[in-house]
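Computation of the quantities below employed the complete heavy-atom set of this structure, encompassing side-chain atoms and omitting hydrogens, waters and symmetry-equivalent molecules.
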Amino acid sequence: MILDSKIPAGPLAEKWTKHKFSSKLVNPANKRKYDVIVVGTGLAGASAAASLAELGYNVKAFCFQDSPRRAHSIAAQGGINAAKNYQNDGDSIYRLFYDTIKGGDYRAREGNVYRLAEVSVKIIDQCVAQGVPFAREYGGLLANRSFGGAQVSRTFYARGQTGQQLLLGAYSALSRQVANGKVKLFPRTEMMDLVVIDGQAKGIVTRNLITGAVETHAAHAVLLCTGGYGNVFFLSTNAMGSNVTAAWRAHKRGAFFANPCFTQIHPTCIPVSGDHQSKLTLMSESLRNDGRVWVPATQQIAEKLRKGQIKANDIKEEDRDYFLERKYPSFGNLVPRDVASRNAKYVCDEGRGVNETGEAVYLDFRDAIKRDTRKIIEQKYGNLFDMYKQITGEDPYEMPMMIYPAVHYTMGGLWVDYNLMTTVPGLYALGEANFSEHGANRLGASALMQGLADGYFVIPYTVGDYLAQLAPKPVDDTHPEFARVKAEVQGRINTLLNINGTKPVDYFHKRLGKIMWNECGMARTEEGLKGAKAEIQALKKEFWSNVKVMGTNEELNQTLEKANRVADFLELGELMVDDALNRNESCGGHFREEYQTPDGEALRDDENYAYVAAWKYLGEGQEEELVKEELVFENVKLTQRSYK
């Protein structure tokens with residue numbers, strides 16, 4: 001099968017404008033005859049649902065939270081990128097495009113990335129109009145700060161709450177359409193499967209998380225805005241409810257899954273403190289603007305730290321190794337996330353980690369406070385510092401923060417073309433649920449940008465192009481396929497409830513997470529990945545014979561919810577390992593130890609692996625088929641990434 005990305009022909013800067021003009025339109029009177037399902041109500045989902053309803057479509061929006069305001073988008077802290085060039089520091093749409101392509105280690109499409117950079121400037125205007133309280137300079141102009149992988153200041157922010165404020169803006173637009181009757185909201189409702197009729201997505205099967213009722217919903221098009229799958233690692237910065245189920249069930253109905261092994265490890269997270277933890281906490285990348293990352297210069301000093309014989313402030317300046325500044329003088333502490341994470345791992349592997357486990361480095365604000373005063377640092381990062389103190393009991397104004405990399409984001413996702421349509425006609429994937437913009441490593445502050453770009457400015461054009469080719473006839477769930485898929489969902493639920501094993505769901509999830517982190521995390525090897533595949537297969541077999549799911553379906557049953565999600569994580573984990581095994585190179589967040597430069601950087605193989613790895617599901621128990629979409633670079637020269 002040949003994957004058609006549908007990238008428009010012509011000059012890079014004209015592709016999106018020409019594509020919008022050539023897209024078919026639905027006239028206003030006909031829009032009200034089309035139904036669209038939106039699954040997920042974070043930034044991508046809320047903005048898409050609000051925008052489509054504003055155009056006149058009938059929208060059904062589903063979320064498993066009690067309110068769209070609780071979507072995981074709310075947890076984003078540091079900011080959102082846009083090529084406004086307010087600082088007059090040399091930024092442009094092309095520079096944002098180039099930084100994103102380079103930051104992703106040349107494993108993303110030029111056309112999609114340029115469009116993202118192009119519409120980024122509109123996002124800020126849209127959000128300001130909604131009342132999003134972006135930080136401002138003294139004179140009232142919008143403020144910017146820097147993020148990793150860029151030498152300009154293009155990140156707009158609302159202290160350390162940018163995701164929350166942006167989501168409230170999108171939620172207000174969504175609420176307006178709910179009040180107008182154009183959006184019907186289904187909270188506490190989880191998508192369990194996709195219904196495909198005659199090769200086209202025509203609806204979904206859901207489970208009411210309060211009553212357990214399994215229901216069917218029909219539409220002319222289905223949009224998946226369900227976020228990423230970082231919780232396959234058990235411990236991540238994702239909300240505990242974040243899962244892959246909607247995307248994975250769509251995958252098993254024909255939607256290809258692209259680059260599943262491309263996982264982002266965020267360098268600034270509060271370190272793991274023990275086996276009791278159920279999630280990890282992110283400390284915003286924005287902190288690297290003023291915080292300096294360091295470890296002791298010798299193992300001996302680090303050993304004294306770990307034993308509690310000395311404290312960080314006792315270590316002299318000449319005995320500190322500011323390793324990012326030393327290795328990457330051009331970018332310093334603002335290197336991309338994959339580079340910062342790997343280097344933190346390197347120094348900890350050398351025995352220079354600073355906490356009891358030896359898996360932490362310092363993020364120190366001593367010099368920034370001395371330079372700018374504590375008051376200024378409080379204004380910039382006060383809520384982040386408070387959060388750190390509440391979690392760790394240490395005051396970052398007085399002592400350096402301790403940080404360590406953790407799973408944060410997934411660049412892989414459902415394969416989509418330029419229109420954001422998957423390989424199933426009528427099924428779209430937006431935001432983190434798709435693979436399309438970030439290659440092998442996402443730059444900081446670009447997730448919010450992509451989610452809102454897809455929802456506000458891309459999908460209103462592209463879904464209209466598809467719907468214009470369908471007759472505006474009503475759709476309903478009376479087709480036999482709805483009943484068949486519903487019965488499959490109910491059968492799966494009954495199977496889980498009837499296993500009646502001895503081990504709780506979290507037992508399997510934790511074991512899977514450790515396998516994934518150890519063998520398919522920051523560093524990977526062929527031997528480790530092959531071992532991981534065998535371990536996951538054995539774990540999956542044990543899960544389906546010995547998991548204990550308490551309660552019944554006809555009630556609020558969080559154990560059952562978890563079991564459904566972990567069953568999908570087990571299958572996804574195996575595919576991630578297969579994808580990592582197939583890619584015999586290192587690029588971005590995918591670091592194969594066999595493929596690195598003499599100084600420990602990722603060593604790409606552009607001749608053999610400059611492609612999107614899209615995986616096709618072939619059936620239960622069968623190996624998935626790899627379908628390649630070759631990446632074509634006409635505007636950017638492929639070079640070894642350097643941030644030195």
J.: Could you tell me whether the side chains of Ser242 and Asn231 share a donor-acceptor contact shorter than 3.5 Å?
T.: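 Judged by distance alone, the side chains do not pair up.
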J.: Against the six-membered ring of Phe64, is Arg565 placed for a cation-pi contact (under 6.0 Å from the centre, within 45° of the normal)?
T.: yes
J.: Might you work through the salt bridge (charged side-chain N to carboxylate O under 4.0 Å, His left out) test for Arg641 and Asp338, ending with a clear yes or no?
T.: CA-CA 12 Å; Arg641 274 195 317 172; Asp338 60 320; 2.4 Å; yes
J.: side-chain hydrogen bond (donor to acceptor under 3.5 Å, both in side chains) for Asn441 and Gln264? Distances and angles first, verdict last.
T.: CA-CA 6 Å; Asn441 175 66; Gln264 177 154 92; 3.1 Å; yes
J.: Within the supplied structure, the quantity of interest is the number of heavy atoms (other residues, nucleotides, ligands) at a distance under 6.0 Å from Arg492 CZ; does it exceed 12?
T.: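 Above 12, so yes.
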J.: Is Asp275 atom CG crowded by more than 12 heavy atoms from other residues, nucleotides or ligands, each under 6.0 Å away?
T.: no
J.: Are Asn584 and Glu594 linked by a side-chain donor-acceptor pair shorter than 3.5 Å?
T.: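 Side chains of Asn584 and Glu594: no pair found under 3.5 Å.
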J.: Going by the rule ring-ring contact (aromatic ring centres under 6.0 Å, His included), which residues pair with Tyr328 if we only count those two or more places apart in sequence or in a different chain?
T.: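 With neighbours one apart ignored, the set is empty.
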J.: Is Glu593 atom CD crowded by more than 12 heavy atoms from other residues, nucleotides or ligands, each under 6.0 Å away?
T.: yes
J.: Among side-chain atoms of Glu432 and Thr410, is any donor-acceptor pair under 3.5 angstrom?
T.: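 Yes, because at least one side-chain N or O of Glu432 sits under 3.5 Å from a partner of the opposite role on Thr410.
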J.: Salt bridge check: are Lys514 and Glu535 linked by an N-O gap of less than 4.0 Å?
T.: no
J.: Can you confirm whether more than 12 heavy atoms, excluding those of Glu488, are under 6.0 Å from its CD atom?
T.: yes
J.: In Å and rounded to the nearest 0.5 Å, what is the NZ to CE distance from Lys345 to Met522?
T.: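 Lys345 NZ to Met522 CE: 6.0 Å, rounded to 0.5 Å.
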J.: Can you check whether Gln65 reaches Arg188 side chain to side chain, under 4.5 Å on heavy atoms?
T.: no
J.: What pairs meet the ring pair (Phe, Tyr, Trp, His ring centres under 6.0 Å) rule with one or both residues in residues 507-529, with sequence neighbours excluded?
T.: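 Those involving residues 507-529 are Phe234-His509, Phe508-Phe543, His509-Phe569.
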J.: Angle between ring planes, Tyr381 versus Phe385, binned at 30° and 60°: parallel, tilted or perpendicular?
T.: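 The arrangement is parallel - the two ring planes meet at less than 30°.
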J.: Quick check: do Val272 and Glu359 have side-chain heavy atoms less than 4.5 Å from each other?
T.: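 No, every pair of side-chain atoms sits at 4.5 Å or beyond.
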J.: May I ask you to check whether Gln390 and Asp386 show a side-chain donor-acceptor distance below 3.5 Å?
T.: no
J.: What's the verdict on ring pair (Phe, Tyr, Trp, His ring centres under 6.0 Å) for Trp615 and Phe257, showing C-alpha distance, side-chain angles and the deciding distance?
T.: CA-CA 5 Å; Trp615 296 88; Phe257 211 104; over 10 Å; no
J.: Specify whether Trp294 and Tyr362 have parallel, tilted or perpendicular ring planes, treating 30° as the upper limit for parallel and 60° as the lower limit for perpendicular.
T.: tilted
J.: Please step through salt bridge (charged side-chain N to carboxylate O under 4.0 Å, His left out) for the pair Asp606 and Arg107, ending with a clear verdict.
T.: CA-CA 9 Å; Asp606 295 330; Arg107 291 295 177 263; 2.9 Å; yes
